[in-house]
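We count ligands from 1, going down the list as the structure has it; atoms in each ligand are counted the same way. This is a predicted model, so every value here is computed, not measured.
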Amino acid sequence: MRLLSHIHSAGHLSPQASAIAEKVLNDQRISDEDAIYLYEHADLPFLSMLAHHIRTRKHGRKTYFNRNFHIEPTNVCIYTCSFCSYSRRIKKREDGWEFTLDEMLDQVKAYDGKPVTEVHIVGGVLPQYNYQFYIDLFQAIKEHRPELHIKALTPVEYHYIFKKAKVSYEEGMKAMIEAGLDSMPGGGAEIFHPEIRDQIAGGKCSGDEWLEIHEISHNQGIRTNATMLYGHIEEYWHRVDHMRQLRELQDRTGGFQTFIPLKFRNQNNEMSHLPEVSVIEDLRNYAIARIYLDNFDHIKAYWPMIGRKTAQLSLSFGVNDIDGTIDDTTKIYSMAGAEDQNPAMSTPELIDMVKRAGMHPIERDTIYNVIHDFEVEEFEPESVDA
Ligand code: V47
Ligand code: SF4
């Protein structure tokens, strides 16, 4: 309770803010109204204190990253999400790419002998990338490198390919897992509420369908992530509604690992007229997510999207994961105007970034097993590839 009296003495807290602080310090869940109050009224120091308290209670100073690379099968897409800077509509595909299965396998083979632990596969939706294609791809990757963790596709792709193949979500997810799928990334969530989703998500799966496919995946034993695309046309209550649905699903299954807020970037898309939110708003959003999502273990700042400096700052606002090395294998954010046009960070750079923020760097695998603890180990270039 010393922190509570410190918080009180730091300024005049409103009765609502004081009641929220008491809940957090007593390890109690905050309500939707509390979260909306925080979005509308709470200042940065107050949010930092509460979020950092929770992050420290859960993880101490531990900050996780992994060694990963992405495969983006295509940047052509049948959907028309208005925030997407990446997809080339079917009709104008001059600068579009469509990799074959063999080309994707070659991208995996390029990492032979390198200590990556995860391949993250996500891209546009096209008819030729169908149910059988992904089964064959996952099997081929596992045949080549069985220990490489496959984190692939989102309910956007699964909903589309399962409908076309006329298989149920249950049957489809079971087949994908049997073929080698190890976990699902958090993409495609955007904002669940139809009032916003119908305006931005270009006809892809609904919020309910997204949640259902994650629930089925959890019930079939794989872990998944969740994202929220914020800072465009949504209001604060839409963000809280989105996080409430994630928190409720997590209460039922416990299958989510990490929540990843994704800041809307406004270059080269149909919503370019909207300004991007400030860094202050990014930090407030990370902190409120950490405070509200009490049943999520991890909050991730995805550095290729948010930028290295904000990712470093976010570690004092509830964030305890900064994704991975990436190795310049994703184009989604550089095309949307993120600072890093060729996103790649070496392991020493990630370690340095975390240490300079006063935190404790840990290399993890996708499901948070510790691979290297860089507080107790020195980084050894000859034993581990940068
Ligand atoms: O669903 C697309 C977002 C997501 C823009 O699970 C945009 O570990 C901002 O989900 N501005 C895909 N965001 C990426 C994703 C992801 C990334 C890293 C790690 C994980 C994980 C998941 O990217 C899409 C969409 O919400 N997005 N365009 C844009 N202009
Ligand atoms: Fe297609 Fe995904 Fe872009 Fe939407 S966000 S248009 S589903 S690639």
Mind checking whether [X] contacts ligand 1 via backbone (N, CA, C, O), side chain (CB onward), both or neither, at a 4.0 Å heavy-atom cut-off?
X: Asn269; result: side chain
X: Gln267; result: neither
X: Ser85; result: side chain

| field | Salt-bridge contact Glu248-Arg252 (side-chain N to carboxylate O under 4.0 Å) | value |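 No salt bridge links Glu248 with Arg252.
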Side chains of [X] and [Y]: does their closest heavy-atom pair fall under 4.5 Å?
X: Asn295; Y: Phe256; answer: no
X: Met345; Y: Arg308; answer: yes
X: Arg290; Y: Leu50; answer: no
X: His242; Y: Tyr230; answer: no
X: Met305; Y: Asp323; answer: no

Under 3.5 Å, N or O to N or O, is [X] touching ligand 1 that way?
X: Ile260; value: no
X: His120; value: no
X: Thr227; value: no
X: His70; value: no
X: Asn225; value: yes
X: Gly188; value: yes
X: Cys84; value: no
X: Tyr302; value: no
X: Gly186; value: yes

| field | Metal environment of atom 1 (Fe) of ligand 2, protein N/O/S under 2.8 Å | value |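 Near atom 1 (Fe) of ligand 2, the protein supplies Cys77 SG.
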| said: Students often mix this up, so state it plainly: with edges at 30° and 60°, are the rings of Tyr131 and Phe162 parallel, tilted or perpendicular? | reply: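 Rings of Tyr131 and Phe162: perpendicular, over 60°.
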| message | Which label fits His120 and His70: parallel for a plane angle under 30°, tilted from 30 to 60°, or perpendicular past 60°? | response |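 Rings of His120 and His70: parallel, as their planes differ by under 30°.
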| Do His144 and Asp112 meet the criterion of a side-chain donor-acceptor pair at a distance under 3.5 Å? |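 There is such a pair between these side chains.
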At less than 4.0 angstrom from any non-hydrogen atom of [X], what atoms of ligand 1 do you find?
X: Leu229; value: 7 (C), 9 (C), 13 (N)
X: Glu190; value: 1 (O), 24 (C), 25 (C), 26 (O)
X: Phe264; value: 9 (C), 11 (N)
X: Leu262; value: 3 (C), 4 (C), 10 (O), 23 (O), 26 (O)

| field | Residue selection (non-hydrogen contact nearest atom 29 (C) of ligand 1) among Trp210, Phe83, Tyr230, Phe259 | value |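 It is Phe83 that holds the nearest heavy atom.
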| query | Within less than 4.0 angstrom of ligand 1, does Met305 place any heavy atom? | reply |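 For ligand 1, residue contact (heavy atoms, under 4.0 Å) with Met305 is absent.
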| task | Consider ligand 1: state whether an atom of it lies below 4.0 angstrom from any non-hydrogen atom of Met184. | result |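 Heavy atoms of Met184 never come under 4.0 Å of ligand 1.
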| Atom OH in Tyr79, atom CD in Glu157: separation rounded to 0.5 Å? |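 Output value for this atom pair is 9.0 Å.
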| Interatomic spacing from CD in Glu33 to CD in Glu40 - rounded to 0.5 Å |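 Result: 11.0 Å between the selected atoms.
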| message | With a 3.5 Å distance limit and no angle check, can you tell me whether Lys263 reaches the backbone of Gly231 through a side-chain donor-acceptor pair? | response |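 Not a single qualifying donor-acceptor pair exists.
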| task | Apply side-chain hydrogen bond (donor to acceptor under 3.5 Å, both in side chains) to Ser183 and list each qualifying residue two or more places apart in sequence or on a separate chain. | result |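 For Ser183 the side-chain hydrogen bond (donor to acceptor under 3.5 Å, both in side chains) partners, ignoring immediate neighbours, are His149.
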| said: What verdict does the side-chain contact (heavy atoms from CB on, under 4.5 Å) test give for Leu211 and Leu246, after you've listed the backbone C-alpha separation in whole Å, the side-chain angles of each residue and the deciding distance to 0.1 Å? | reply: CA-CA 8 Å; Leu211 289 157; Leu246 293 173; 4.1 Å; yes
| Taking it one step at a time, do Gln245 and Asp241 satisfy side chain to side chain donor-acceptor pair (under 3.5 Å)? | CA-CA 6 Å; Gln245 298 194 58; Asp241 175 77; 3.2 Å; yes
